[in-house]
Asks: 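Before I ask anything, here is the structure I am working with.
Here, residue 1 is the first one in the sequence, and each next residue gets the next number.
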Amino acid sequence: MVNVNSNDGISSFLQTMLPKVEINKAASLRDALNELLKIPEVRRQEQRYLGSRLIQGFAYGFGQAAKPDEREKLSLSATNVTVREALNLIALKGGAVWLLSPTRCKGRAIYSIDFVAKQD
C-alpha cells in the first residue's frame, strides 16, 4: 500500500478515475507503466493536476534476472479504477512495489513513478 499526502496535485492525480485499463502482454513493469501513462485520461489529468511537469517511470530489479524470453508477460484488465489502483494492480502482477517521487531538474518539477521488484 502506498499513501501519498500532498498539496501539489499528486494525490488528486492518483485519485483520477479510469473507466478502463487494458494492458496486454507487457514485456516488463516499465512497459506496463508506459501503457498506463498513454491512456488519454491519464495524460489529461497529468496536465490538469501536475501542469507541464513530466512523469517518467523506471523499473528496478535486484537478484538474478530471468532471460527476456523466459519472463512472463504482464497482462491485466480493469474497469472503474483509480490511477493508484491501476499502479497497485501492475505492482501485484509484477511482484513489485511502486513509488511516486517528486524531484527537480534545472528548476523543473519532475515526477518519477518507479517499480522495484525482486528478480528470480
Side-chain angles (χ1 to χ4, degrees):
M1 177 186 297
V2 176
N3 291 305
V4 177
N5 296 311
S6 174
N7 293 327
D8 63 0
I10 294 174
S11 294
S12 297
F13 171 73
L14 291 173
Q15 290 305 315
T16 297
M17 186 59 69
L18 305 173
K20 185 173 185 178
V21 174
E22 197 76 44
I23 296 175
N24 296 305
K25 297 182 180 178
S28 66
L29 288 163
R30 184 177 186 166
D31 290 345
L33 175 61
N34 286 337
E35 285 190 44
L36 176 66
L37 293 177
K38 288 179 188 175
I39 294 172
E41 185 62 18
V42 174
R43 301 302 299 166
R44 275 192 297 277
Q45 297 308 321
E46 175 187 342
Q47 290 296 315
R48 178 178 178 197
Y49 292 119
L50 303 179
S52 61
R53 295 170 270 194
L54 171 71
I55 290 184
Q56 60 186 16
F58 296 99
Y60 301 95
F62 60 94
Q64 185 176 356
K67 295 177 183 170
D69 56 336
E70 295 175 352
R71 292 184 195 141
E72 186 176 327
K73 303 293 185 203
L74 195 148
S75 296
L76 68 90
S77 178
T79 56
N80 299 318
V81 295
T82 63
V83 170
R84 178 192 310 266
E85 291 166 332
L87 288 166
N88 286 341
L89 288 170
I90 292 169
L92 181 65
K93 288 276 190 172
V97 295
W98 66 271
L99 49 93
L100 189 152
S101 53
T103 188
R104 297 194 77 73
C105 180
K106 297 181 182 177
R108 184 175 182 194
I110 298 174
Y111 292 89
S112 179
I113 299 173
D114 304 302
F115 287 96
V116 180
K118 182 178 185 302
Q119 298 175 339
D120 296 327

Asks: Any chance you could measure Arg30, atom CZ, to Leu37, atom CG, to the nearest 0.5 Å?
Replies: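 Here the rounded value is 11.0 Å.
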Asks: What distance do Ile23 atom CD1 and Leu76 atom CG have between them, rounded to the nearest 0.5 Å?
Replies: 4.5 Å
Asks: At what distance, to the nearest 0.5 angstrom, does OG1 of Thr82 lie from CG of Asn88?
Replies: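 One finds 7.5 Å between OG1 of Thr82 and CG of Asn88.
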Asks: Just how far is it from atom CD of Gln45 to atom OG of Ser12, taken to the nearest 0.5 Å?
Replies: 9.5 Å
Asks: Could you tell me which non-hydrogen atom of Met17 sits nearest to which non-hydrogen atom of Asn80, and how far apart they are?
Replies: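 Minimum heavy-atom separation between Met17 and Asn80: SD-C, 3.4 Å.
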Asks: Over all heavy atoms of both residues, which pair between Lys73 and Lys25 is shortest? Give the atoms and the distance, please.
Replies: CB-CA, 3.6 Å
Asks: Answer yes or no: is there an ion pair linking Arg43 with Glu46, defined by an N-O contact shorter than 4.0 Å?
Replies: yes
Asks: What's the separation between atom CG in Leu100 and atom CG in Leu87, rounded to the nearest 0.5 Å?
Replies: 8.0 Å
Asks: Between Ser77 and Glu22 (side chain of the first, backbone of the second, donor and acceptor by atom type, cut-off under 3.5 Å), is there such a pair?
Replies: no
Asks: Considering all heavy atoms of both residues, which atom of Ala96 and which atom of Ala117 are nearest to each other, and what is their separation?
Replies: CB-CB, 3.6 Å
Asks: Using 0.5 Å steps for rounding, measure from the CD1 atom of Ile39 to the NZ atom of Lys20.
Replies: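 So the CD1 of Ile39 and the NZ of Lys20 are separated by 10.5 Å.
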Asks: So which atom in Arg84 and which in Trp98 form the shortest heavy-atom distance, rounded to 0.1 Å?
Replies: CG-CZ2, 4.0 Å
Asks: Would a 4.5 Å heavy-atom cut-off, applied to side chains only, mark Ile113 and Leu36 as touching?
Replies: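 Side-chain contact under 4.5 Å: no.
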Asks: Carefully, step by step, assess Val42 and Thr16 under the rule side-chain contact (heavy atoms from CB on, under 4.5 Å).
Replies: CA-CA 7 Å; Val42 174; Thr16 297; 5.8 Å; no
